[in-house]
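Below: the structure, in structure tokens.
These figures come from a predicted structure and were not determined experimentally. Only heavy atoms go into these numbers, but all of them, side chains included; no hydrogens, no water, no symmetry mates. Residues: numbered from 1 along the sequence shown.
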Amino acid sequence: MKPRTREQASHTLGGPNVYTDLGYHDPDRMLIKAQLVSRLAELLAERGVSQIQAATSLGITQPALSKLLRGQFRGFLERKLVVCLARLGQDVHIAVHRKAKRTGNGSMSVT
């Protein structure tokens with residue numbers, strides 16, 4: 001029997017946006033949606049409501065909510081996700097600031 005040898009795994013360090021790393025068409029927008037859905041999922045988990053109850057209060061269908069919570073949010077606009085958060089009693093603030101450096105595009109984030 002041959003002794004096992006350890007092979008070094010090859011990997012590349014990713015950037016701050018996984019959607020950029022994966023080559024998505026609009027990675028900033030995908031990240032924003034993911035962050036909004038993540039917060040939505042946290043709030044629903046804290047409340048311990050069923051998907052049917054949650055979907056009714058959010059104004060969407062249970063199958064749509066199920067897709068959202070599984071990370072399938074391509075058909076949802078950011079606006080709809082913000083409305084869902086507001087329906088859960090969250091204040092949502094959108095702030096626009098001048099970019100510090102005048103080169104390149106600005107950025108978007110959810111805090």
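A salt bridge between Lys33 and Glu78 is absent, with no side-chain N of the basic residue lying under 4.0 Å from a carboxylate O of the acidic one.
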Q: Give the C-alpha distance, both sets of side-chain angles, the deciding distance and a yes or no for side-chain contact (heavy atoms from CB on, under 4.5 Å) between Met30 and Phe73.
A: CA-CA 9 Å; Met30 292 295 289; Phe73 45 80; 3.9 Å; yes
Q: In sequence, state the C-alpha distance, the side-chain angles, and the governing distance for Val110 and Arg39, and then conclude on side-chain contact (heavy atoms from CB on, under 4.5 Å).
A: CA-CA 9 Å; Val110 173; Arg39 183 63 183 131; 5.8 Å; no
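To the nearest 0.5 angstrom, Leu31 atom CG is 8.0 Å from Thr20 atom OG1. Here the straight-line distance linking atom CD of Gln72 with atom OG of Ser66 works out to 8.0 Å at 0.5 Å rounding. To the nearest 0.5 Å, the span separating CG on Leu43 from SG on Cys84 amounts to 11.0 Å. A distance of 12.0 Å separates NZ in Lys67 from CD in Gln62, rounded to the nearest 0.5 Å. The CG atom of Asn105 sits 8.5 Å away from the CG atom of Asp28 when rounded to the nearest 0.5 Å.
Side-chain N or O atoms of Asn17 include one that pairs as donor or acceptor with a backbone N or O of Pro27 at under 3.5 Å. The main-chain N or O of Gly14 is never found under 3.5 Å from a side-chain atom of Asp21 such that the two would form a donor-acceptor pair. Between the side chain of Thr56 and the backbone N or O of Ile52, at least one donor-acceptor pair lies under 3.5 Å.
In this structure, the side chains of Ile60 and Lys80 come closer than 4.5 Å at one or more pairs of heavy atoms. Contact check for Leu58 versus Leu40: side-chain heavy atoms found under the 4.5 Å cut-off. For the pair Ile32/Leu81, no side-chain contact is recorded, criterion being any heavy-atom separation below 4.5 Å from C-beta on. By the 4.5 Å heavy-atom criterion applied to side chains, Gln53 and Arg47 are not counted as neighbours. A heavy-atom distance below 4.5 Å is not found between the side chains of Leu65 and Thr61. The side-chain heavy atoms of Gln90 and Val82, taken from C-beta on, include no pair separated by under 4.5 Å. Using a 4.5 Å heavy-atom cutoff, the side chains of Tyr19 and His25 are not in contact.
Under the 4.5 Å side-chain heavy-atom criterion for ILVMFWY residues, no single connected hydrophobic cluster contains both Leu77 and Val83. Linking Ile, Leu, Val, Met, Phe, Trp and Tyr whenever their side-chain heavy atoms come within less than 4.5 Å leaves Phe76 and Ile94 in two separate clusters.
Around the CG atom of Asp26, the shell of radius 6.0 Å holds more than 12 heavy atoms that belong to other residues, nucleotides or ligands. Annotation for Arg79: atom CZ does not count as buried by contact number, only 12 or fewer foreign heavy atoms lying within 6.0 Å.
In the model, Ser38 has no side-chain atom that pairs as donor or acceptor with a side-chain atom of Gln35 under 3.5 Å.
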